[in-house]
Structures are given as C-alpha cells and as structure tokens.
Amino acid sequence: MYIALISAECAPIAKAGGLGDFVLGLARELVRCGETVEIVLPYYDVLDIAPLADLQVVYEQLRVPFHNEWITCRVFGGKLTEVNCLFIDPQSVHGLFQRRRIYGEQDDAERFAFFARAVLEFMLQSGRQPDILHCNDWQTGLIPVLLYEVYQALGMNRTRVCYTLHNLGYQGRVSETILRQVGLDPQRVMTADRLRDSQDGRLANLLQGGIVYSNFVNTVSPRYAWEIQHTEQGMGLQPLLNTYAHKFGGVLNGIDEEIWNPELDPLIPTNFGVETLPRKALNRQALRSRLGLQTVDKPIMAIVTRLDYQKGVDLIAHGIHDTLAHGGQIVLLGTALDPAIAAQFAQLKQDTAANPDCHLELGYDETLAHLIYAGADLMLIPSRYEPCGLTQMIAMKYGVVPVVRRAGGLADTVFDANYSDQPFELRNGYVFDELTAAGLESALRRALGLWHGYPEYFWQLRVNGMRSDLSWRRPAQRYLAIYAQLRATV
Ligand SMILES: Nc1ncnc2c1ncn2[C@@H]1O[C@H](COP(=O)(O)OP(=O)(O)O[C@H]2O[C@H](CO)[C@@H](O)[C@H](O)[C@H]2O)[C@@H](O)[C@H]1O
C-alpha cells in the first residue's frame, strides 16, 4: 500500500509537540510492516535538516493556483531514517514558511490552506496516486475537501482519506476568503453540513471540513473519542461527530521505542532497563547537577509540556507549590505561545529562583527532555483535556510514575495505584478526577507519600509502567485495518 502522511509537524525535524511524534512513530512502524510511506511537510526555514539523508530537489516548477495567481514551488525529498519525506517549498513573496517557527503566525490559516492545495497539486502533477492520504489536524482539513471537490474530477479517484484529530481545541475557524483562495466555491461548501462553523456562521471550520469529507475519521484514544461525541469536550463538534459515528473511532497512539527507550537512548548519561533500574539514580544525579538542584532525599516531580490552557496551567502552578511543600523537587520544561501564560511562568520562575529544590526551564529542548525522563521519579499531567498524551507513556518507559487527571488518553493508559480496578501488575500511577486544587492534591500527596513511606511499592509501580506495551505495533495494525477497509471501497 502507498500511504502519504500529511502533517504540519514531524519529529525531530519539525516538532512543536505530540503531533510530530505521532507522524514519525506511525510512519516508521508502517514501513516496518512493509508499506510504502511518504511524509509530506512544508519546507520550513526552521526545518532541522541534519537528520535527513539525500536531501535534494525532486520536483521543480510545481505551479500551484492560489488566490488568482500561480505560486511556483520546489519539492525537496529526503530520507528520515527509513522513511521518505517530501517538503513543499513555495517561492512566494509572503515567505509562507520562512517565519522562524512552525505556528503562531497571523496568517496560519492561509499558510496551511496553501500547503493543502500544493500537496494535491504535487500529487496530481507528479503522477502519484496514494492509496491513502492520512491527514492530521486542522492544517490539513482542506485536503479531503479539495480532493473531493476538485481533484477527483481531474483523475485522483482511487485515493481515500483517513483523518486523525489530535486536538479539538484548534479547529481552524477562518474567514471564507480562505476557501476562495484555494479555489473552492463558498456558495457550495459554506453550508451547515459542510464547512460552515456551527458557532459563528460567518466562518469556515477547516477541521469540520476534514471530518465531513474524509472517508474515515479517528482521534487518538478511545476515551477521547467518546468524550468528544458525548461531552462538551467536543467543543461544538458533538452533533457532527454523532452524525458521522459510522466512520469515526479512537485509536490509541504508541510511542517510538527506538527513540524513547532508556536501554538505548544516546541522549541520556546512563542507560538502564527494568533489570538495571538502580542505574536510574545516576541520571537523577546528572539532572540535578545540570539544573543546579540540591542532592536530597526527595523525589523529582517533572513537568514536560506545551504550557497551554489544555494542559491545566493553573493546576501545574499549584502542583509546583504543593510538591515543594510536601517533600518533592520540581523540574519543569515548558513552552508557552500565549503571552499571558508565558508571563505567568516567567514570574513563577523568578519567585522560585532561590529554591534549591526547584528549576523551571522555559523553552523547547529535546535533549533536556530526554534527561528529565531519565532522571525524574514522578511526572505531573493535570490536563483539562488530553486526546492521548505521550508524556505519560514516555515517562512510564523511563520508570517515572505519572500523576494525571482522568481525561482522554490519560484515562486509557494510567491506572491508579490505590483505586484502579486493574490487577496490581497493571497499576502504574496516580489519577484524579476533579479539575481543582483539592483534586490534584489528593493524587499528588498519595504519590509523594508512597515514595517517602513505601519505597518497594513505589519501585513496583515504576516496573509496572516500564513493562507495559506502549509501542506502535498494535496501533499500526489498527490503522492498517482502517486503510484496508477504505481501499476495499475503491
Ligand atoms: N518544552 C519542551 N521541550 C522538549 N520537548 C517537549 C516540550 N514540550 C513538550 N515536549 C514533547 O512534545 C511531546 C508532547 O506530547 P503530548 O502528547 O503532550 O502532545 P501535544 O499536546 O503537543 O499533542 C497532541 O497530539 C498528541 C499526538 O496525537 C496527543 O498525544 C496529545 O494528547 C495532543 O494534545 C512529547 O514528546 C514531549 O516530550
């Protein structure tokens, strides 16, 4: 099967968060299963080309219609380990992907709408007919719309679309001008059952368009799939997701165990596994020295995250204070796009600067993230909503016990040490329900108490997490079954 994975991110070359991990992890597993995979991304100026082999121009003079003009693009090809990647590089006066970052620009909608049109134009002009276009999030929502409305009539009628929703908090609600720019007729597609936004009828909703026009839609955990159909977590899309329940499901993500594996990880000072778990202490020490924390008999509570409303930033701040007050150390690595959140954490960093048990690192740092997973004992994830969540899974692989809110994929992967109905060997963390300070404290203090009072039991929780199967093997089989079902309709 020939699968094109279309995305705004891919780890480690263009990663802002979990979407990047998803794309690389799934692609690599599909290649291992013998499938032909191409990842298609914009050619960002911030693309880290170092891990790419054989990077070269593979297509010149790709002319893409956009907003009454033709934009000429080059397409680069390269290999990221065993996976082929393609990069669309528009020669436009607006420097669409020359912004020193992946997202956060005022014209993001226009940038990714252009990308959507360019991907299909490239497929058409280069004679590609993928069996499956696997699109992700709002940035690629126009691809199934354009395929159906424009490109099928031009001959691309064997291709089917699988569309994965990683985050309903970002739906791509945009002016209908964008539709005209990519060559769609707003009169035709701006209807309630197509792209017209249900909350603001003047806007087009690109995520909604992707859901309506794709052959199959999924999100990244069974629990989040249920939540967005049946609770306000659907953020306005509940009726639509119920209408399309027959082509909707939840597939839990995996993690790439070649990248996230404490036994092999080249980015950590000391490798370790279940049998050599005491060696984790050397990483804890390295983490303390790197960040200037004192050496004391306290567990390290880590937080590695985008600092975003979704992640429960107020509870993160509360959790920092509560951990410090109850015998723990704190290490936070976080990026904030929102200026108010950035200011809140800059202040918190200043307020805790003199505390030898606390270090807040505001920024994005892949290498430090690996050291944190290797050295930490606990990880705090108090999300408001969490489609899947990779940090709890990575944490568990590194013998870190997660403390999480019962939401989305966190509920599907973390089982409470005291209250879960799972057998003991599957219990791997601490879970709370209420999105309140008291809710968080109930789990956090049990976790800290266990570390201080019952080290053998805490050790067992670490081991349970390390032994769980969080790989891409099972999820990739689920996607292959979905693709096969879609191909059967050709
Ligand atoms: N400051 C920083 N420095 C270095 N590394 C950092 C970092 N901040 C985050 N990371 C890394 O980025 C990834 C984040 O994973 P999450 O699952 O939390 O993703 P996110 O919410 O971005 O993605 C969305 O998509 C994913 C994939 O489907 C879903 O799991 C998730 O629920 C959904 O919100 C992890 O690999 C983490 O280590």
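Remember, it's 1-based here, ligands and their atoms both numbered in the order they're listed. Keep in mind that what you see is a predicted model, and the values were worked out from it rather than measured.
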Ligand-residue contact atoms, ligand 1 with T391, heavy atoms, under 4.0 Å: 35 (C), 37 (C)
Between I394 and ligand 1, does any nitrogen or oxygen pair lie at a separation below 3.5 Å? no
Lys/Arg-Asp/Glu bridge criterion (N-O < 4.0 Å) met for D308, K311: no
Note: D107-R99 ion pair, threshold 4.0 Å (strictly below): yes
Near I49 CD1, under 6.0 Å, is it more than 12 heavy atoms from other residues, nucleotides or ligands? no
At a 4.0 Å cut-off, with the gap strictly under it, does some heavy atom of G389 reach an atom of ligand 1? yes
closest protein heavy atom to atom 32 (O) of ligand 1 is E386 OE2, 2.5 Å
As a check for students: among L168, N253, V220, identify the option with a heavy atom nearest to atom 27 (C) of ligand 1. N253
Measure R306 to ligand 1 on non-hydrogen atoms and call it side chain, backbone, both or neither using the 4.0 Å cut-off. both
Touching ligand 1 at all, Y373? Heavy atoms, strictly under 4.0 Å? yes
Please verify whether a non-hydrogen atom of G363 lies at under 4.0 Å from ligand 1. yes
Contact partition for D308 relative to ligand 1, non-hydrogen atoms under 4.0 Å: neither
Polar contact flag for V304 and ligand 1 (N/O pairs, less than 3.5 Å): no
Between K298 and D357, is the closest basic N to carboxylate O distance under 4.0 Å? yes
Nearest protein heavy atom with distance in Å, relative to atom 14 (C) of ligand 1: G18 N, 3.6 Å
Record the part of D21 in heavy-atom contact with ligand 1 below 4.0 Å; permitted values are side chain, backbone, both and neither. side chain
For ligand 1, is any non-hydrogen atom under 4.0 Å from L368's backbone (N, CA, C, O), its side chain (CB onward), both, or neither? neither
Does K311 come within less than 4.0 angstrom of ligand 1, counting non-hydrogen atoms of the residue? yes
Within 6.0 Å of CZ in R32, more than 12 heavy atoms from elsewhere: yes
Ligand 1 to A369 polar contact by distance, N or O atoms, under 3.5 Å: no
Indicate the atoms forming the closest heavy-atom contact of Q329 with L324, along with that distance. CA-CD2, 4.5 Å
Rounded distance [0.5 Å steps], OH in Y479 versus NE2 in H134: 5.0 Å
Please write down residue, atom name and distance for the protein heavy atom closest to atom 2 (C) of ligand 1. Y364 CD1, 3.4 Å
Got a sec: does the OH of Y2 have more than 12 other heavy atoms crowding it under 6.0 Å? yes
Spacing of CG belonging to L30 relative to CG belonging to L480, to within rounding of 0.5 Å: 5.5 Å
Any side-chain donor-acceptor pair under 3.5 Å between D412 and Y224? no
May I ask you to check whether Q310 has an N/O atom sitting below 3.5 Å from an N/O atom of ligand 1? yes
